[in-house]
Amino acid sequence: MARPAFAEPCSPVREAASLSLPAFESAAELVTPPQGVRLRGIVVLFPGSDVADLDGAIEGVNGTIISRPMLQVANRLACAGIASFRFNKRYVTGPTTVDRAKFDALNGADFAADGRAAVAFVKARAELQKVPLGLVGWSEGTTVAMAVAATNPLVRALVLMAPVVDTPAQVAQAQYQRIGKPYLARYASSQGLDAKAIARADAGPGGDLAHIFVRMFRGFRPGERVNPLLDRNADGRITFAEADLIIRSWYADGPNSGLGMASTARALKGVRDAFSATTAQILMLQGLNDSMIDSSAAQRFARQPDARKRVKLVTYAGLGHSLGAAISPQNDKLLPVAQKPLDDMATWLDEALSR
């Protein structure tokens with residue numbers, strides 16, 4: 001029997017809310033289907049890493065917001081009859097505003113605790129108590145979703161957008177070799193970069209992550225042509241032979257390393273390690289041009305015998321980490337989510353939550 005067509009486009013019903021977290025009131029929003037569209041389920045949304053408001057807003061050049069993945073998900077699911085709840089991360093008050101000192105003291109366990117508080121909030125509402133429950137996470141938010149599902153047997157379905165399958169430390173440690181170095185190598189001569197080459201890379205078309213590594217090579221004090229911490233022989237030029245070992249040491253797995261929240265001491269488990277703790281059905285959506293995460297990790301995991309029983313993986317050529325358009329992993333700019341992943345998510349959730 002064919003399922004009824006989704007009511008799209010539509011005008012979701014929006015309700016501002018406040019989620020009480022430790023020493024912080026988080027601005028939140030409950031989005032429900034428009035009148036005439038049957039309520040099929042409720043999902044809680046978890047955005048990506050670092051500072052993230054309820055929309056998961058991504059800041060681009062000159063402080064402009066270039067995408068709002070969580071808002072897109074909420075709107076599309078409402079048209080499919082699925083309500084959603086999303087909230088600012090603890091100590092975040094807007095797309096780019098945060099109490100940095102307090103936020104940087106948080107660990108993955110804190111985000112999981114906040115996720116459980118969000119689930120309790122929606123299930124305390126009379127109209128949602130008997131509605132099937134799902135979770136949607138993006139990037140780091142996939143580790144939060146897995147951790148929350150592990151302690152709540154009511155979670156029937158998990159949607160993992162750009163899932164952190166390996167440990168967060170492994171994901172972060174691979175990014176220089178996968179993205180930073182190949183992008184910088186476009187501008188290098190004799191396996192090295194001087195200040196002019198770094199400036200060209202900085203002005204080049206690389207994506208968000210590629211430019212993070214460009215800034216790592218750049219001088220950061222007045223008069224510095226290149227980063228002196230990488231230019232060990234002080235000749236005004238950084239070779240990869242100099243940089244590779246130093247950057248590797250910065251990303252050593254420890255609570256005080258450059259890994260920060262991705263360190264094993266602070267992060268939640270990746271999907272592979274967290275998988276056995278939940279029995280929920282799982283949909284993984286993975287762009288093949290993802291800059292932040294190697295897309296092959298999700299592909300390997302989905303082929304494992306235990307995963308095949310309840311994991312569905314959908315991959316997308318030409319899409320990046322945000323499931324938006326990206327011409328290559330090095331040029332992934334975290335653009336708005338493409339329509340196809342949103343439609344696939346809505347279709348799958350409609351079925352998974354009704355089982």
Side-chain angles (χ1 to χ4, degrees), residues 12-32 42-78 83-125 135-145 147-148 161-162 164 168 208-209 211-212 215 259-263 266-268 292 321-322 324 333-337:
V13 177
R14 304 183 183 282
E15 179 185 333
S18 180
L19 177 65
S20 295
L21 302 176
F24 183 70
E25 287 294 317
S26 171
E29 185 175 67
L30 178 67
V31 179
T32 54
I42 172 71
V43 296
V44 178
L45 310 185
F46 304 109
S49 62
D50 202 51
V51 176
D53 70 346
L54 72 171
D55 293 340
I58 303 298
E59 184 181 14
V61 179
N62 299 322
T64 58
I65 301 301
I66 59 174
S67 61
R68 300 178 187 271
M70 296 295 96
L71 178 60
Q72 284 188 265
V73 169
N75 290 343
R76 178 62 184 88
L77 293 184
S84 64
F85 182 75
R86 64 195 203 284
F87 59 99
N88 287 348
K89 281 188 176 182
R90 203 190 303 187
Y91 306 128
V92 173
T93 53
T96 60
T97 52
V98 62
D99 186 326
R100 192 82 234 188
K102 291 181 179 178
F103 183 87
D104 286 346
L106 296 172
N107 292 322
D110 298 308
F111 295 135
D114 295 349
R116 289 190 289 270
V119 169
F121 179 91
V122 297
K123 297 307 285 185
R125 293 179 64 109
L135 308 175
V136 178
W138 171 47
S139 191
E140 181 190 76
T142 64
T143 69
V144 179
V148 173
M161 305 165 61
V164 178
D208 184 71
L209 183 58
H211 278 92
I212 287 175
R215 292 192 291 273
L259 288 175
M261 259 295 301
S263 67
R266 300 181 61 191
L268 294 166
M292 303 288 180
H321 186 60
S322 64
K333 299 181 185 295
L334 306 183
L335 297 177
V337 185

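From N75, atom CG reaches atom OG of S84 across 8.0 Å, with rounding to the nearest 0.5 Å. Considering CD1 of I58 and CG of D53, their distance stands at 9.0 Å, rounded to 0.5 Å. Between atom NE2 of residue H211 and atom CZ of residue R215 there is a gap of 8.0 Å, rounded to the nearest 0.5 Å. From F87, atom CZ reaches atom CG of L45 across 9.0 Å, with rounding to the nearest 0.5 Å.
When all heavy atoms are compared, the tightest approach of V31 to A74 is CG1-O, 4.1 Å. Of all non-hydrogen atoms in G56 and P69, the two that sit nearest each other are O-CD, 3.2 Å. Counting all heavy atoms, side chain and backbone alike, P336 lies closest to S67 at N-CB, 3.5 Å. Smallest separation of non-hydrogen atoms from R90 and D114: NH2-OD1, 2.9 Å. Scanning both residues, A145 and L135, for their nearest heavy atoms gives O-CD1, 3.4 Å. Summarising the geometry of V92 relative to A52, their closest heavy-atom pair is CG1-O, 3.6 Å, with the distance given to 0.1 Å.
In this structure, the side-chain contact (heavy atoms from CB on, under 4.5 Å) partners of A83, at least two apart in sequence or on a different chain, are T32, P33, L39, I42. Listed by chain and residue number, F24, T97 satisfy the side-chain contact (heavy atoms from CB on, under 4.5 Å) test with T93 (two or more places apart in sequence, or in another chain). Residues passing the salt bridge (Lys or Arg N to Asp or Glu O under 4.0 Å) test with K89 are E140, sequence neighbours excluded. Considering only residues two or more places apart in sequence or on other chains, S139 meets the side-chain hydrogen bond (donor to acceptor under 3.5 Å, both in side chains) condition with H321. For R116, there are no side-chain hydrogen bond (donor to acceptor under 3.5 Å, both in side chains) partners, not counting sequence neighbours. S322 pairs by the side-chain contact (heavy atoms from CB on, under 4.5 Å) definition with W138, L334, not counting sequence neighbours. With sequence neighbours excluded, the residues that form a ring-ring contact (aromatic ring centres under 6.0 Å, His included) with F85 are F121. For E59, the salt bridge (Lys or Arg N to Asp or Glu O under 4.0 Å) criterion is met by no residue, not counting sequence neighbours.
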Would you list the atom pairs, donor with acceptor, under 3.5 Å between side chains in residues 98-108 and any protein atom, with sequence neighbours excluded?
from: D99; atom 1: OD1; to: K102; atom 2: N; distance (Å): 3.4
from: R100; atom 1: NE; to: D104; atom 2: OD1; distance (Å): 3.1
from: R100; atom 1: NE; to: D104; atom 2: OD2; distance (Å): 3.3
from: R100; atom 1: NH2; to: D50; atom 2: OD1; distance (Å): 2.6
from: R100; atom 1: NH2; to: D104; atom 2: OD1; distance (Å): 3.0
from: N107; atom 1: OD1; to: R266; atom 2: NE; distance (Å): 2.9

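For residues 17-32, the pairs satisfying salt bridge (Lys or Arg N to Asp or Glu O under 4.0 Å) are R14-E29, E29-R86, with sequence neighbours left out.
Looking at N88, its side chain does come within 3.5 Å of a backbone N or O of L54 through a donor-acceptor pair. The backbone N or O of V164 lies less than 3.5 Å from a partner atom in the side chain of T142, making a donor-acceptor pair.
Considering only heavy atoms from C-beta on, T96 stays 4.5 Å or farther from V51 through its side chain.
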